[in-house]
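Before any comments, here is the structure.
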Protein chains: 2
Amino acid sequence: MKLNTKSRYAVMALADMAVFSSDDAVSLRDISLRQGISLLYLEQIFLKLKKNNIVKSVRGINGGYILVKSPKELKILDILLALDQKVKTIGCKKNSKKSCNGKSTKCITHNFWDELDIHINSFFESKKLSDLLKNREARI
Amino acid sequence: MKLNTKSRYAVMALADMAVFSSDDAVSLRDISLRQGISLLYLEQIFLKLKKNNIVKSVRGINGGYILVKSPKELKILDILLALDQKVKTIGCKKNSKKSCNGKSTKCITHNFWDELDIHINSFFESKKLSDLLKNREARI
DNA sequence: TATATACCCGACTAAAATAGTCAAGTTTTT
DNA sequence: AAAAACTTGACTATTTTAGTCGGGTATATA
């Protein structure tokens, strides 16, 4: 049970932007160098972040990306959703279109998975990007 | 971010055992029929549950499996651990042997993933098998 | 206005994980 | 003896993941 790298790198990259924020756009090249994430991969990730209005882009020679919201307002959940990272443990059986059929023995675990989803989602909902920056060491 | 089927089926199967508990062992054949899970697959799952002392087996013609602990004492976490289902979101980068190297910018997200793990693990730690049975409908 | 920088975007692929099956047992009750 | 049920390792097809590739487009600055 783990988050995929796209989600993790997205959070990492946005945290990087928050740390190195200025009025200027932050280029993927800089993030790539600082965080050790492939530039090509970052492009793919930021495409989704842009589509989901987490960042906006500035094209051209001094271009890059800018956070749409302040780190204090940006929920981690929004980042994960932008990367299609649904927190879904899946109820009952794998392929059931309807998550439950009528037979209730098959649904013994159903409510439990729902609870788990709520538990995890509320964590991501409560955490803001700025929360990640709090405990880090002062020095770069 | 989801639990694999082995883990989910394990919880489902054990919940089934708890519901249909008696002094006798419960056969995998019965669980398979009731829960619609492949018998062969259940065998693989129960092998691990047995190795990890979640169930004990009774061989022979009226054999099957018996819960080692009562559902009230059996933590969901123990079940997941038996299936190798570590709740590890992975810190920092994928392949780093040491989860952090000295450069602290790379560890911006590190504490956050740790917090997430703790959050999820404490959920599984607090929930017992008996908790799954509470809300289910009275009728089979 | 040339050009380098940086975003844009779909398609592709290798590798790993997952879900599940198969074969060939052993044990125990009736 | 025979049938039910557990035991175990190996095998495989499918799916997912992680990441690359190629060929764009936009724009600031020299």
Side-chain angles (χ1 to χ4, degrees), chain A residues 1-10 12-13 17 23-33 35-68 80 83-86 88-90 92-96, chain B residues 1-10 12-13 17 24-33 35-52 54-68 80 83-86 88-90 92-96:
Chain A
M1 183 175 195
K2 65 184 189 25
L3 241 31
N4 60 21
T5 55
K6 274 201 182 105
S7 302
R8 287 186 288 115
Y9 289 178
M12 206 183 295
M17 286 178 70
D23 294 336
D24 299 331
V26 180
S27 73
L28 293 189
R29 187 173 164 279
D30 287 351
I31 297 175
S32 169
L33 290 172
Q35 302 300 329
I37 302 170
S38 147
L39 176 61
L40 267 354
Y41 207 27
L42 278 177
E43 286 184 351
Q44 208 183 104
I45 291 166
F46 272 74
L47 204 62
K48 293 198 175 202
L49 292 175
K50 192 194 169 185
K51 271 183 187 156
N52 286 277
N53 205 39
I54 307 289
V55 295
K56 57 189 173 190
S57 65
V58 178
R59 301 185 76 152
I61 205 159
N62 281 319
Y65 289 93
I66 298 173
L67 289 171
V68 168
L80 300 186
L83 273 296
D84 309 316
Q85 187 62 206
K86 293 189 233 357
K88 246 297 154 195
T89 42
I90 303 178
C92 308
K93 294 294 296 292
K94 188 186 173 194
N95 294 320
S96 55
Chain B
M1 183 176 194
K2 65 184 193 15
L3 241 31
N4 62 19
T5 55
K6 276 200 182 106
S7 302
R8 287 185 287 116
Y9 289 179
M12 207 184 292
M17 286 178 70
D24 300 331
V26 179
S27 73
L28 294 190
R29 189 174 162 279
D30 288 351
I31 297 175
S32 169
L33 290 172
Q35 302 300 329
I37 302 170
S38 148
L39 177 60
L40 268 353
Y41 207 28
L42 278 177
E43 286 182 351
Q44 209 183 102
I45 291 166
F46 273 75
L47 200 65
K48 293 197 173 201
L49 292 175
K50 191 192 171 188
K51 272 184 186 157
N52 286 275
I54 307 289
V55 296
K56 57 189 172 188
S57 65
V58 178
R59 300 185 75 149
I61 205 161
N62 281 319
Y65 289 91
I66 298 173
L67 290 170
V68 168
L80 301 185
L83 273 295
D84 309 316
Q85 186 62 205
K86 293 190 235 352
K88 246 298 154 195
T89 41
I90 305 177
C92 309
K93 294 293 298 292
K94 188 187 175 194
N95 294 320
S96 55

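These figures come from a predicted structure and were not determined experimentally.
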Would you mind reading off the distance between [X] atom [atom1] and [N] atom [atom2], rounded to a whole angstrom?
X	N	atom1	atom2	answer
I31(A)	dA6(C)	CD1	P	12 Å
L39(A)	dG22(D)	CG	P	15 Å
D30(A)	dT5(C)	CG	P	13 Å
R8(B)	dT18(C)	CZ	P	12 Å
D24(B)	dT30(C)	CG	P	11 Å
D84(A)	dT17(D)	CG	C1'	13 Å
Y9(B)	dT21(C)	OH	C1'	14 Å
I66(A)	dA6(C)	CD1	C1'	13 Å

- Item | Short side-chain N/O contact from S38(A) to OP1 or OP2 of dT20(D), under 4.0 Å | yes

- Query: Between dT17(D) and T5(A), is there an OP1 or OP2 to side-chain N/O distance shorter than 4.0 Å?
  - Reply: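 Checking T5(A) against dT17(D): no side-chain N or O falls below 4.0 Å of OP1 or OP2.
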
Residues two or more places apart in sequence or in another chain: which of them pass side-chain contact (heavy atoms from CB on, under 4.5 Å) with [X]?
X	value
K6(A)	N4(A), Y41(A), Q44(A), I45(A), L83(A)
D84(B)	K48(B)
K2(B)	I90(A)
R59(B)	none

Of the listed nucleotides ([options]), which one gets closest to any side-chain atom of [X]?
X	options	value
Y65(A)	dT7(D), dA6(C), dC7(C)	dC7(C)
N4(A)	dC7(C), dT7(D), dA18(D)	dA18(D)
S57(A)	dT7(D), dC8(C), dT20(D)	dC8(C)

- Message: I'd like to check the side chain to side chain donor-acceptor pair (under 3.5 Å) partners of S32(B); sequence neighbours left out, ordered by chain and number.
- Response: none

- A25(A) and N62(A): which non-hydrogen atoms are nearest, and at how many Å?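 The answer is CB-O, 4.4 Å.
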
- Message: I'd like to check T5(B) versus R8(B) (side-chain heavy atoms, cut-off strictly below 4.5 Å). Are they in contact?
- Response: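 Yes, side chains in contact.
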
- pair Y65(B)-L49(B): side-chain heavy atoms closer than 4.5 Å: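 In short, these two side chains do not touch, never coming nearer than 4.5 Å.
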
Any protein N or O atoms within reach of nucleotides 27-30 of chain D? Criterion: under 3.5 Å, listing atom names and distances.
residue, atom, partner, partner atom, Å
dT29(D), OP1, N62(A), ND2, 3.2

- When rounded to the nearest 0.5 angstrom, what distance separates CG in L33(A) from CG in L28(A)?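 Between L33(A) CG and L28(A) CG, I get 11.0 Å after rounding to 0.5 Å.
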
- For DNA chain C, the residues among residues 41-51 of chain B that have a non-hydrogen atom under 4.0 Å from it: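 Hits under 4.0 Å, by residue number: Y41(B), Q44(B).
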
